Amino acid sequence: MGEFWKIVSAFCVCWYSVNAAHVAEKSGACFPPGFAFGVATASYQVEGAWNVSGKGENIWDRYTHEHPERVFDHQNGDVAADSYHQWKEDVGLLKQLGVNFYRFSISWSRILPTGFSNEINEEGVKYYQDLITELKRNHIAPVVTMYHWDLPQPLQDLGGWTNPMMADYFLDYATVLFDNFDGPVKMWITFNEPLSFCHDGYGGDDAPGGRSSGFEAYLCGHNVLRAHGKVYTLYRARKNGTSKGLIGITLDMSWIEPETTSKEDKQAAETARQFMFGWFAHPIFSAEGDYPPIMRKRIDAKSRHQNFARSRLPHLTPDEIRNIRGSFDFLGLNHYTTYLGSPADNPDSGEPSFADDMGVRITQKPDWPRSNSTWLRVVPWGFRRILNWIKKTYNNPQIVVTENGISLGPGVHDPKRVNYIESYLRALLDAILKDKCRVFGYTYWSLIDNFEWMRGYSERFGLYEVDYESPNRTRTARLSASYYSQIANTRCLPDNYVGYTITD
Ligand code: PNW
């Protein structure tokens, strides 16, 4: 376990050894020595400064400006939590929490205003350099997401992720990132949640506002996989084959529980897991590589049935399959909630779509405790199940939980959040200690309240509350911040914290 983070925190072995010593003294619900705790944010959701210091326009700038009516209360990320100016304050919060790492994303159009690498915005580079230096000075490891949904608009004008050339443009961008930050940054995440941004961006409500989950979403996924494989290969080549840092991808996955114990429901739940997670995980993490067989089978059959001359799910070439297979040092997992799966009511209805191809009805139990997000219900046991399913399906890969959290309303007294964190961490501990899942770190989403995409600022995930009325977006610690800080500092779950039970 220790080896994993030794690489990432090579510049600072201090937290690693101190905490390992601490754990040895404690008993009870404790994480293994070397297990790391962090928090996360993403550029568009916190930075603001959308058009200053040379930053170019990205798809979320364009989308929220052109379609304000689609976003909660016409809100946008123009200012957000103003982290572009408040970054020192943010590092102060991280210090206060005592976390081992900070996962943040780099805004592509802040580094490359047009998306292309012919023009580098030095002010943008300096912003992240300063942030990284300050993190290091405080012994906090930077974990960098290269792409958290904010594609430069000029690249979207060329078709965005549906354009095969995007894989090469992403490779060029990654080259600039490695040239500037490789060294101090020892842990890279190529993409955050391709399922979300391909499905919801090209087939749903998110930017850029595509409406064809049965075509564009698959093209997006295809090019993202190709891009990921290329960047992994580049990183390894740059390192001359010696692994000095770690690189992986972050996939989002809810647990899908069969609605009943029937064979049909079990099969439907597994199909949903393969469509939602296997779409990206099978090509990268399985021994065979390529898309999951069930996805290939269902989409090919549907496409034939719909009279298309070829499948709507494109084919990876043998070279691409080889290049993508095994392209990871770790799996980043974003997990929040659980769903129930059963066969869809009316298969073969309507337009080609991801949902129609999958053919699974996804629901949640009304009595599962709710958050402030319609999709997020509190089901901690699902966390342990998804970790075990990944272990079994993909040969027990090394995992870092790169996001987990809950949205609530405003206010700093947030016992529901404390309870969420506690219950999910208990499930995680069981997965690690009892089931031997290889999980090395946990990241709470999010450090601070931020722009929650189409839900604007109405859903708050932060350990720190952000006052959007104040000019410098004052941050105030919530109860959950002190709770999480206690865990990060002791590596153990406190015996008696608030003992609050979640009710609706
Ligand atoms: C993540 N789901 O998205 C994103 O990475 C963050 O940017 C976002 O703020 C956070 O979760 C909270 O929403 C998800 O439906 C969106 O299961 C939806 C789901 C999971 C993650």
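Every value quoted in this text rests on a predicted model; they were computed, and no experiment measured them. Both counts, for ligands and for their atoms, begin at 1 and track the order of listing.
Shortest contact from atom 12 (C) of ligand 1 to any protein heavy atom: Glu452 OE2, 3.2 Å.
For NZ of Lys95, the number of neighbouring non-hydrogen atoms (other residues, nucleotides, ligands) closer than 6.0 Å is 12 at most.
Below 3.5 Å of separation, one finds an N or O of Trp453 facing an N or O of ligand 1. Considering backbone and side-chain N/O of Asn450, none are found under 3.5 Å from N/O of ligand 1. Between Asp252 and ligand 1, no pair of N/O atoms sits closer than 3.5 Å. Considering backbone and side-chain N/O of Trp375, none are found under 3.5 Å from N/O of ligand 1. Below 3.5 Å of separation, one finds an N or O of Tyr336 facing an N or O of ligand 1. Inclusion of Glu403 in the set of residues having an N or O under 3.5 Å from an N or O of ligand 1 is warranted.
When ring centroids are compared, Trp149 and Trp453 come within the 6.0 Å threshold. Within the 6.0 Å centre-distance limit, the rings of Phe451 and Tyr44 are counted as a close aromatic pair.
Those atoms of ligand 1 with a heavy atom of Glu193 less than 4.0 angstrom away are 1 (C), 3 (O), 4 (C), 5 (O), 14 (C), 21 (C). If you number the atoms of ligand 1 from 1 as listed, the ones under 4.0 Å from a heavy atom of Ser254 come out as 17 (O).
In this structure, Arg110 is positioned above the aromatic face of Tyr84, its NZ or CZ under 6.0 Å from the six-membered ring centre and within 45° of the axis.
Only the side chain of Asn192 comes within 4.0 Å of ligand 1, judged by heavy-atom distances. Contact annotation: for Tyr339 versus ligand 1, heavy atoms closer than 4.0 Å belong to the side chain alone.
Residue contacts with ligand 1 include His148, since one of its heavy atoms falls under 4.0 Å from the ligand.
Between His222 and the choices Trp279, Trp161, Tyr291, the side chain to side chain donor-acceptor pair (under 3.5 Å) rule is met once, by Tyr291.
Under the rule for a side chain to side chain contact (heavy atoms under 4.5 Å, CB included), the partners of His67 that lie at least two apart in sequence or sit in another chain are Tyr63, Glu69, Arg70. Qualifying side chain to side chain contact (heavy atoms under 4.5 Å, CB included) partners for Asn180, counting only residues two or more places apart in sequence or in other chains: Val125, Gln129, Val176.
Two residues are said to be in side-chain contact when any heavy atoms from C-beta on lie closer than 4.5 Å; Leu493 and Ile487 meet this criterion.
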